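What you see is a predicted model; the values in this text were computed from it and never measured. Each residue takes its place number in the sequence, starting with 1.
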Amino acid sequence: METQSKPGQTILILDFGAQYTQLIARRIREQNVFSVVLPCTASLDEVKSCAPVGIVLSGAPWSVYDKDAPPADARVFELGIPVLGICYGLQYMVHALGGKVRPADKREYGHAEVDIVAESALFQGLAKRQQVWMSHGDEALELPSGFELIAKTSHAAAGIQNVAKRWFAVQFHPEVHHTRNGTEILRNFVFQICGAKPTWTQQHFIDSTVEQVRQQVGSGRAICALSGGVDSSVAAVLVDRALRDASGKPRLTCIFVNNGVLRKNEFEKVQLTLRDKLGLRLDAVDATDRFLNKLKGVSDPETKRKIIGNEFIAVFEDEAHRIEKEEGSVDYLVQGTLYPDVIESRSVRGPSQVIKSHHNVGGLPEKMKLKLIEPLKDLFKDEVRKIGRDLGMPEEILQRQPFPGPGLAVRVLGEVTPERLAVLRECDDIVVTEIKHAGLYTKVWQSFAVLLPVMSVGVMGDMRTYAYTCAIRAVSSEDGMTADWVPLPHEVLKNISTRIVNEVKGVNRVVYDITSKPPGTIEWE
């Protein structure tokens with residue numbers, strides 16, 4: 001289900017496969033201008049149907065001369081609307097319009113300085129030298145007719161324009177925070193060049209989504225896969241608002257499943273929160289044995305995710321069947337899927353690389369009876385929290401740190417067993433408690449424990465021990481697409497480590513993960 005902006009106020013992004021494509025959309029939405037992502041292979045009719053006031057060509061992990069480089073319809077340049085190419089987008093623009101691209105003599109990755117060498121609306125109000133983030137192996141050798149150089153590094157063209165056609169391109173990535181004035185560059189494109197108006201707001205999203213859900217479901221019923229986290233809770237409240245009848249009776253039933261891999265006391269706590277604080281119609285299903293039996297003997301992370309995804313759907317369909325007997329047909333399943341889930345699971349927007357399957361995206365069975373409603377699937381976490389605030393949801397729900405759909409199954413490395421889950425629950429509870437006690441819970445993106453399949457020798461009470469190793473993970477992030485490890489205060493780490501080895505039987509060693517994303521992912525599996 002796509003959200004729609006007012007006609008003529010959309011910036012369209014064509015995705016050539018960059019992992020940061022949706023960051024472009026995010027930066028534009030921060031300006032209260034709606035943006036939508038389509039694969040670069042989208043037809044010209046699809047492009048026109050978005051009624052864009054501007055088009056952005058994303059980066060990509062390709063060379064324009066690669067035989068596997070994704071095709072795109074070059075007729076987008078004939079639509080008479082502004083186009084901005086970013087990184088590969090610059091190279092594609094040069095190549096498609098008659099210029100030449102070549103492998104660079106010196107590849108540029110990471111921080112770089114760019115000199116602005118000509119007047120351009122793209123760089124309006126900016127200093128002549130800019131700190132940017134580069135990531136390219138090819139460069140523009142010859143510019144197409146009508147283009148001029150507007151920015152350069154010591155090695156390559158960094159910005160070009162054709163003012164008459166309103167075509168612009170930069171070799172660097174303005175969407176990442178490493179480019180110091182990247183937001184200003186995108187803002188110049190959106191407002192100065194495209195003439196967009198800042199009309200897209202959270203309230204606009206809420207109103208349009210509620211209306212779309214009403215039209216989609218009609219007089220039917222839906223169930224919601226509710227985890228108690230931010231995403232599914234906001235999705236539930238949003239859809240519940242759409243599916244109340246005239247008397248206020250709900251046609252949405254939220255299903256909260258204990259899949260056996262929840263955190264300590266979570267099954268009981270979430271039920272209280274969702275019923276009392278949100279007023280949702282909630283059915284709680286304890287399917288612990290059902291899930292753990294399926295996971296028995298399984299160590300592969302992708303297999304775990306798919307098993308959990310399949311079993312979730314089986315439980316939801318069983319519940320839908322039960323509701324149908326009592327109240328009537330249930331045809332829809334609501335999920336709190338976000339865009340990072342989508343982009344890391346499969347290539348639905350373009351040729352983006354698969355990182356891992358998420359249980360509610362790549363882990364779904366190919367055939368299932370229920371039709372999906374995913375009202376948040378084009379949003380980032382911070383956008384979802386803003387939507388939740390406008391819906392009047394309490395901060396204690398909105399400020400919950402992200403928790404993976406497969407739960408502790410992807411934090412118990414290797415086989416998932418009741419014994420290992422019990423150990424991890426205690427470790428994780430200590431981590432969260434100490435992080436909250438230090439006042440850091442809402443200041444970090446995620447903080448949690450991981451149980452490693454590593455046994456090591458220790459000494460406790462003058463006795464030799466041979467027990468598990470627990471890893472602690474804490475990261476900061478804006479959207480989950482990239483993340484930096486957090487240097488937790490020494491005293492906090494000391495308290496966590498001391499409590500775990502003293503209080504959790506079966507763990508005698510604690511280590512701290514100082515890996516950022518990339519190259520690592522936030523979760524270990």
Side-chain angles (χ1 to χ4, degrees), residues 5 8-16 18-38 40 50 52-60 76 81-93 111-114 116 118-136 150-151 157-163 165-201 339 343 349-350 378-380 382-383 386 478-479 481-482:
S5 178
Q9 293 302 319
T10 297
I11 301 295
L12 170 64
I13 300 153
L14 291 180
D15 178 16
F16 283 86
Q19 287 299 318
Y20 299 142
T21 294
Q22 197 70 1
L23 285 179
I24 306 170
R26 172 199 166 96
R27 299 295 179 235
I28 293 171
R29 291 183 195 181
E30 288 171 353
Q31 311 306 317
N32 290 334
V33 174
F34 186 69
S35 57
V36 64
V37 179
L38 289 180
C40 62
C50 296
V53 295
I55 295 175
V56 178
L57 310 176
S58 84
V76 295
I81 59 177
V83 179
L84 172 65
I86 293 177
C87 194
Y88 178 89
L90 178 147
Q91 297 158 20
Y92 175 77
M93 183 181 289
H111 293 282
E113 289 190 338
V114 163
I116 298 173
E119 292 296 320
S120 175
L122 199 62
F123 299 129
Q124 182 177 314
L126 301 183
K128 295 298 182 183
R129 174 160 289 189
Q130 293 293 312
Q131 300 290 324
V132 303
W133 184 261
M134 290 284 190
S135 180
H136 69 100
I150 57 174
I160 61 175
Q161 69 180 7
N162 182 324
V163 176
K165 298 288 190 179
R166 294 189 296 170
W167 297 334
F168 300 81
V170 292
Q171 186 59 73
F172 53 89
H173 287 273
E175 72 273 24
V176 302
H177 72 269
H178 303 291
T179 295
R180 188 167 297 171
N181 293 310
T183 297
E184 286 75 9
I185 293 169
L186 290 173
R187 185 184 296 133
N188 283 338
F189 176 72
V190 169
F191 295 122
Q192 301 300 324
I193 296 170
C194 298
K197 300 293 190 295
T199 58
W200 190 75
T201 63
Y339 189 79
I343 199 171
R349 296 291 188 189
D378 289 322
L379 301 185
F380 287 100
D382 63 325
E383 293 178 312
K386 291 175 183 176
E478 290 184 337
D479 43 53
M481 296 300 296
T482 60

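With values rounded to the nearest 0.5 angstrom, L379 atom CG is found 11.0 Å from K386 atom NZ. To the nearest 0.5 Å, the span separating OG on S58 from CG on L14 amounts to 8.0 Å. Note that the CD1 atom of I193 and the CD1 atom of I81 stand 13.0 Å from one another [nearest 0.5 Å]. From F191, atom CZ reaches atom CD1 of I28 across 9.5 Å, with rounding to the nearest 0.5 Å. To the nearest 0.5 Å, the span separating OG1 on T482 from NE2 on H177 amounts to 6.5 Å. Rounding to the nearest 0.5 Å gives a distance of 14.0 Å between NZ of K197 and CG of N32.
The side-chain heavy atoms of L84 and I185, taken from C-beta on, include no pair separated by under 4.5 Å.
Legend: residues meeting ring-ring contact (aromatic ring centres under 6.0 Å, His included) with F123, ordered by chain and number and at least two apart, are absent. For R27, the salt bridge (Lys or Arg N to Asp or Glu O under 4.0 Å) partners at least two apart in sequence or on another chain are E30, E478.
The minimum heavy-atom distance linking I116 with A127 is given by the pair CD1-O, 3.2 Å. Annotation for Q161 and S120: closest pair OE1-OG, 2.7 Å, computed over non-hydrogen atoms. Heavy atoms only, all atoms of each residue included: P198 and V33 are closest at CA-CG2, 4.1 Å. Listed here is the closest heavy atom pair of S35 and A25: OG-O, 3.0 Å. Residues M93 and G85 come closest through the heavy atom pair CE-N, 3.9 Å. Of all heavy-atom pairs between P82 and C194, the closest is CB-SG, 3.8 Å.
Using modelled atom types, no side-chain atom of Q130 and backbone atom of V114 make a donor-acceptor pair closer than 3.5 Å. Side-chain N or O atoms of N181 include none that pairs as donor or acceptor with a backbone N or O of E184 at under 3.5 Å. One N or O on the side chain of T179 and one on the backbone of W133 form a donor-acceptor pair closer than 3.5 Å. Remark: the backbone N or O of Q124 is paired with a side-chain donor or acceptor of N188 at under 3.5 angstrom.
Taking the six-membered ring where the residue is Trp, H111 and H178 present perpendicular rings, their angle passing 60° and hence far from 30°. Using bins of under 30°, 30° to 60° and over 60° for the plane-to-plane angle, the ring pair F189/F168 lands in the perpendicular bin.
The pair K128-E119 meets the salt-bridge criterion, since a charged nitrogen lies less than 4.0 angstrom from a carboxylate oxygen.
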In sequence, state the C-alpha distance, the side-chain angles, and the governing distance for R29 and W200, and then conclude on side-chain contact (heavy atoms from CB on, under 4.5 Å). CA-CA 8 Å; R29 291 183 195 181; W200 190 75; 3.8 Å; yes
Report the C-alpha separation of T10 and F34 in whole Å, then their side-chain angles, then the decisive distance to 0.1 Å, and conclude whether the side-chain contact (heavy atoms from CB on, under 4.5 Å) test is met. CA-CA 5 Å; T10 297; F34 186 69; 3.8 Å; yes
One pair to check against side-chain contact (heavy atoms from CB on, under 4.5 Å): V83 and K165. What are the steps and the verdict? CA-CA 9 Å; V83 179; K165 298 288 190 179; over 6 Å; no
Verdict with reasoning, E175 to I86, per side-chain contact (heavy atoms from CB on, under 4.5 Å): CA-CA 9 Å; E175 72 273 24; I86 293 177; 3.8 Å; yes
